4 protein chains.
Amino acid sequence: MITQQYEACIQACLECLAACNSCYDACLKEDDVKMMAGCIRMDRECADICSLAVKAMQTNSPFVNQICQLCAEICEACGNECKQHDHDHCQKCAEACFRCANACRGMAA
Amino acid sequence: MITQQYEACIQACLECLAACNSCYDACLKEDDVKMMAGCIRMDRECADICSLAVKAMQTNSPFVNQICQLCAEICEACGNECKQHDHDHCQKCAEACFRCANACRGMAA
Amino acid sequence: MITQQYEACIQACLECLAACNSCYDACLKEDDVKMMAGCIRMDRECADICSLAVKAMQTNSPFVNQICQLCAEICEACGNECKQHDHDHCQKCAEACFRCANACRGMAA
Amino acid sequence: MITQQYEACIQACLECLAACNSCYDACLKEDDVKMMAGCIRMDRECADICSLAVKAMQTNSPFVNQICQLCAEICEACGNECKQHDHDHCQKCAEACFRCANACRGMAA
């Protein structure tokens, strides 16, 4: 399996993807949606780049380093947004984002 | 050009994609984001399926009929959500969605 | 967790996504790429719809049934293409596709 | 319209997307698919990042600069691959890629 070297990072991206998608859905159902607008936007950005990073690693893309570097940056920003909110889904999402940012940074290096 | 038969439908999908993405961004900046939560969700769904439909037509996917049929259904639902809101971006989005739904329905038939 | 009801189907889609992306990469490296052209195309179609199905389930999309139904159909077709080839990556991909088709069919019903 | 500043770059990305998707489909139908394997892979990478760049600009993503910078790099690489092949679809694709790389570089700066 060519992608074995990527396994840990793929796993971190998949967990971040799941957390961002759940947080996005939950934010849209909160009473104070306005307060969550930044979080909704970031969750979508982060889910989309995690999805691209997974594809890049699973297909042995020649751009895997650059894509993981961008993924790390967006995960970091999404984590910083989410951690400001007390909702359980935001706190869990922030943790998944920071773990994924670390994994992607390691991959890009 | 193999995709020539698809040109009108591709164009309708690209206009719907642009309208949904603009409406999504504008909804997240409205004062009453809560009222726009359904619209935000639909805009993302619709942009994602329009994007898939464009790819299907441009690559001569064997699933182009089924994908356009699903795109028509999602565009119709997004248009019905958007037309309930007076914001200019919602009204424009609704129009683009209904035009795209028609084009995709014709393609799927 | 709102998406708990979807867990088994999400897992099947993620395994199918991984198998399709690996098979796509491996097919492009085979000596006889021409023989794999149908497989390359199907792997891409299948990976893209699995990715959309995962997002639909994780975000509680109102279109989850329709998207899973389409995913089942594309997985079935990809599995039928892959199983014709003796390569290990094709056989593994076919199995993942048929499992995912079953899971998605159950979800759509 | 908030995205007006992005119009020229969005247009270049959409033309590159169309060219890459057409070239991908045509390459898979060539007699000598093996010779086109690099092109098939690059066309997919490039179409996917152009699609992400369009979404980033149309939704006013906070990561528009970084995404356009990555898009420029991938377009450049795809153009360099495509221009080596005499097929009309490859030559057209190379031109669209280089134009898009320029537009995205300008946007990222």
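The chains referred to below are lettered A, B, ... by the order of the sequence lines, with proteins before strands, and numbering in each begins at 1. Atom set for the values below is all heavy atoms of this structure, side chains included, hydrogens, waters and symmetry mates excluded. None of the values given here were measured: they were computed from a predicted structure.
- Atom CG of A:Leu70 is separated from atom CD of D:Gln69 by 9.5 Å, given to the nearest 0.5 angstrom.
- Atoms CZ and NZ, on D:Arg44 and A:Lys55 in that order, are 5.0 Å from each other to the nearest 0.5 Å.
- Heavy atoms closer than 4.5 Å to chain D are found in the side chain of A:Ile49, but not in its backbone.
- No donor-acceptor pair closer than 3.5 Å links the side chain of D:Arg41 to the backbone N or O of A:Ser61.
- For a residue to count as touching a neighbouring chain, one of its non-hydrogen atoms must lie under 4.5 Å from one of that chain's; by this rule D:Ile67 touches chain A with backbone and side chain alike.
- Contact annotation for residues 73-80 of chain A against chain D (heavy-atom separation below 4.5 Å, listed by residue number): A:Glu73, A:Ile74, A:Ala77.
- Taking a 6.0 Å sphere around NZ of D:Lys92, one finds it holds 12 or fewer heavy atoms contributed by other residues, nucleotides or ligands.
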